[in-house]
Amino acid sequence: MKNKTALIFGVTGQDGAYLSKLLLSKGYNVHGVKRRGSTLNTYRIDDIYSDPLIKKNKFYLHYGDVTDSISVFNIIKKINPDEVYNLAAQSHVAVSFEIPEYTTNADALGTIRILEAIVRVNKKIKFYQAGSSEMFGKVVEKPQNEKTPFYPRSPYGVAKLYSHWITINYRESYNLFASNGILFNHESPLRGETFVTKKIVKGLCKIKLKKQKKLILGNLYSKRDWGHARDYVEAIWKILQHKKPDDFVICTGKQYSIKQFINLVAKQLKLKLFWKGKGINEKAYDQNDKLIIECNKKYLRPSEVDTLQGDYSKAKKQLKWKPKININSLIKDMISYELKLLKR
Ligand code: NAP
Ligand code: GDD
């Protein structure tokens with residue numbers, strides 16, 4: 001049987017890097033779409049792009065942008081892949097309040113540009129849409145599953161909800177194999193620097209090594225269901241291998257607050273934290289009463305998603321998927337990557 005060909009929009013991101021590696025290990029030809037920037041943005045995939053042993057697995061990059069219909073259409077026409085994964089997005093919730101129009105263009109309209117190109121080029125191409133637990137927003141039930149009504153709380157969440165429904169609409173209208181993943185937060189050593197887990201791990205590692213004095217955060221009390229990106233790209237792939245197109249919640253089912261996450265990281269780093277104060281005035285000190293963590297209004301959002309906790313029963317039953325990496329192993333992986341970088 002001939003090797004399958006996949007096309008990944010958002011290949012330079014956290015999930016793009018893990019998914020590329022997974023697909024290459026399964027014998028796929030992998031094509032990725034990268035944006036042109038004034039600085040290089042390929043650090044997460046440089047190892048697979050430059051390694052000659054892996055290069056023979058056929059990993060290709062193309063310039064493109066999901067806000068540019070011409071590049072989207074041309075790339076899909078040229079590659080005519082078996083599977084398209086749409087991971088491309090302005091993925092930062094707080095930033096989506098600052099650049100709402102661009103976020104909508106990339107995260108909502110980007111999806112319809114890809115779907116339209118698929119309809120025109122080849123309706124047999126399978127399509128994966130990177131949906132988000134942010135669509136549950138101000139949650140109406142706990143835990144959240146595929147039947148939970150949505151209530152997005154940010155321009156990002158609203159844009160992702162458009163993409164969710166347009167994917168279903170194209171599936172029903174044109175009989176496409178188009179599926180949505182509804183993924184809860186997932187992290188890794190390759191997580192973007194401004195997301196809270198990476199910021200905490202990096203900040204506390206630097207404080208431990210005396211390379212930074214304090215860490216400034218926002219809301220310490222929101223709760224998230226955090227998994228490992230390595231587990232989640234396995235689910236993404238399984239969603240497109242399922243016998244029929246469908247929508248799946250991918251999560252761990254466990255939730256922790258930001259403060260609990262900080263305490264777990266501090267424990268692994270053997271940093272003793274003493275918390276004082278409440279709300280935006282809550283602060284953490286070390287055993288010498290030195291200030292290590294404080295909060296600033298700058299990092300609060302106009303509207304917050306207070307709690308997310310998913311139920312992955314459907315994925316477990318139908319995809320035979322479940323998370324393998326727990327929160328402490330995730331943190332261990334992130335810390336060891338960070339310490340290695342800092343000690344280099
Ligand atoms: P990420 O690290 O921010 O990666 C996003 C990718 O999209 C990057 O490759 C980025 O390119 C690319 N991109 C941004 N705007 C683009 C545009 N206009 N045209 C083409 N590419 C563009 O995000 P991630 O954590 O890997 O997440 C992957 C996808 O899953 C995203 O759609 C995200 O919204 C969604 N999601 C993530 C999570 C999570 O917890 N990680 C949970 C649910 C859903 P540059 O490298 O050039 O910026
Ligand atoms: N980024 C950030 N920075 N968040 C902070 C900070 C800070 O300094 N301090 C507290 N937080 C809180 C946020 O207010 C939010 O409640 C929580 O930490 C998580 O923030 P992020 O790590 O930025 O992730 P997110 O939950 O908003 O969004 C991520 O997960 C979504 C899935 O639910 C992103 O990856 C989205 O792309 C993804 O769809």
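A quick note: this is a predicted structure, and the numbers were derived from the prediction, not measured. In this chain, numbering begins with 1 at the start of the sequence shown. Order of listing sets the numbers, starting from 1, for every ligand and every atom in it.
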[X]: numbered ligand 2 atoms lying under 4.0 Å from its heavy atoms:
X      : answer
Tyr156 : 36 (C), 37 (O), 38 (C), 39 (O)
Gly218 : 6 (C), 8 (O), 9 (N), 10 (C)
Val93  : 27 (O), 28 (O)
Asn219 : 9 (N), 10 (C), 11 (N), 12 (C)
Leu308 : 33 (O)
His92  : 1 (N)
Ser133 : 32 (C), 33 (O)
Ser132 : 31 (C), 32 (C), 33 (O), 38 (C), 39 (O)

Which residue supplies the protein heavy atom nearest to [atom], what is that atom called, and how far is it?
atom                    : value
atom 48 (O) of ligand 1 : Arg35 NH2, 2.8 Å
atom 30 (O) of ligand 1 : Ala130 CB, 3.4 Å
atom 29 (C) of ligand 1 : Leu87 O, 3.2 Å
atom 27 (O) of ligand 1 : Asp15 OD2, 3.7 Å
atom 2 (O) of ligand 1  : Gln14 N, 3.0 Å
atom 10 (C) of ligand 1 : Thr12 OG1, 4.0 Å
atom 39 (C) of ligand 1 : His186 CE1, 3.3 Å
atom 41 (N) of ligand 1 : Arg191 NH1, 3.2 Å

Under a 4.0 Å heavy-atom limit, does [X] contact ligand 2 with its side chain, its backbone, both, or neither?
X      : answer
Arg191 : side chain
Ser91  : both
Lys160 : neither
Leu217 : both
Leu220 : neither

From [atom], work out which of [options] has a heavy atom at the shortest distance.
atom                    : options                : result
atom 26 (O) of ligand 2 : Arg224, Lys223, Met135 : Arg224
atom 44 (C) of ligand 1 : Gly131, Gly16, Gly32   : Gly131
atom 18 (N) of ligand 1 : Thr197, Asp65, Thr39   : Asp65

Which atoms of ligand 1 sit under 4.0 Å from any heavy atom of [X]?
X      : value
Ala89  : 5 (C), 7 (O), 13 (N), 14 (C), 15 (N), 31 (C), 32 (O), 34 (O)
Tyr156 : 33 (C), 34 (O), 35 (C), 36 (N), 44 (C)
Ser91  : 1 (P), 3 (O), 23 (O), 33 (C), 34 (O)
Leu183 : 42 (C), 43 (C)
Gly13  : 2 (O), 4 (O), 8 (C), 9 (O), 26 (O)
Asn185 : 40 (O)
Gly10  : 6 (C), 7 (O), 9 (O), 12 (C)

Other residues, nucleotides, ligands: >12 heavy atoms within 6.0 Å of [X] [atom1]:
X      : atom1 : result
Lys254 : NZ    : no
Asn296 : CG    : yes
Gln287 : CD    : yes

Inset, instruction - May I ask you to decide if the ring planes of His62 and His31 are parallel, tilted or perpendicular, using 30° and 60° as cut-offs? - result: parallel
Inset, instruction - Could you label the plane-to-plane angle of the His242 and Phe248 rings as parallel, tilted or perpendicular, counting under 30° as parallel and over 60° as perpendicular? - result: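 The rings of His242 and Phe248 stand perpendicular, inter-plane angle above 60°.
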Legend entry - Proximity of Phe136 and Tyr151 rings by center, below 6.0 Å: no
Please confirm whether [X] comes within less than 3.5 Å of ligand 2 when only nitrogen or oxygen atoms on both sides are compared.
X      : answer
Val196 : yes
Arg301 : yes
Glu304 : yes

Legend entry - Test log, rule side chain to side chain donor-acceptor pair (under 3.5 Å), inputs Asn80 and Asn122: CA-CA 7 Å; Asn80 192 11; Asn122 175 4; 3.0 Å; yes
Legend entry - Sole residue of Lys126, Lys317, Lys314 in salt bridge (Lys or Arg N to Asp or Glu O under 4.0 Å) with Asp246: Lys314
Inset, instruction - Pick out which of Lys206, Lys198, Arg191 makes a salt bridge (Lys or Arg N to Asp or Glu O under 4.0 Å) with Glu338. - result: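 Of all the options given, the one that passes is Lys198.
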Which bit of [X] gets closer than 4.0 Å to ligand 1, counting heavy atoms only: side chain, backbone, both or neither?
X      : result
Trp226 : neither
His92  : neither
Lys160 : side chain

Legend entry - Within-shell test, Tyr232 vs ligand 1, heavy atom, strictly < 4.0 Å: no
Legend entry - CG on Asp231 to NZ on Lys322, rounded to 0.5 Å: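 If we round to the nearest 0.5 Å, Lys322:NZ and Asp231:CG are 10.5 Å apart.
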Inset, instruction - For ring-ring contact (aromatic ring centres under 6.0 Å, His included), just list the numbers for Phe195 and His92, CA-CA rounded to whole Å, side-chain angles, deciding distance to a tenth of an Å, and then say yes or no. - result: CA-CA 8 Å; Phe195 295 95; His92 203 284; 4.9 Å; yes
Inset, instruction - Report the C-alpha separation of Ser303 and Phe97 in whole Å, then their side-chain angles, then the decisive distance to 0.1 Å, and conclude whether the side chain to side chain contact (heavy atoms under 4.5 Å, CB included) test is met. - result: CA-CA 10 Å; Ser303 52; Phe97 288 97; 3.7 Å; yes
Legend entry - Worked check of side chain to side chain donor-acceptor pair (under 3.5 Å) between Asp46 and Thr42: CA-CA 6 Å; Asp46 281 343; Thr42 54; 2.8 Å; yes
Inset, instruction - Sort out for me which residue in Phe184, Tyr18, Trp321 forms a ring-ring contact (aromatic ring centres under 6.0 Å, His included) with Tyr232. - result: Trp321
Legend entry - Trace of the salt bridge (charged side-chain N to carboxylate O under 4.0 Å, His left out) decision for Glu304 with Arg153: CA-CA 7 Å; Glu304 177 63 284; Arg153 292 274 278 171; over 6 Å; no
Legend entry - Geometric cation-pi criterion Lys290 and Tyr285, 6.0 Å radius, 45° cone: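 Here Lys290 fails the 6.0 Å and 45° test against Tyr285.
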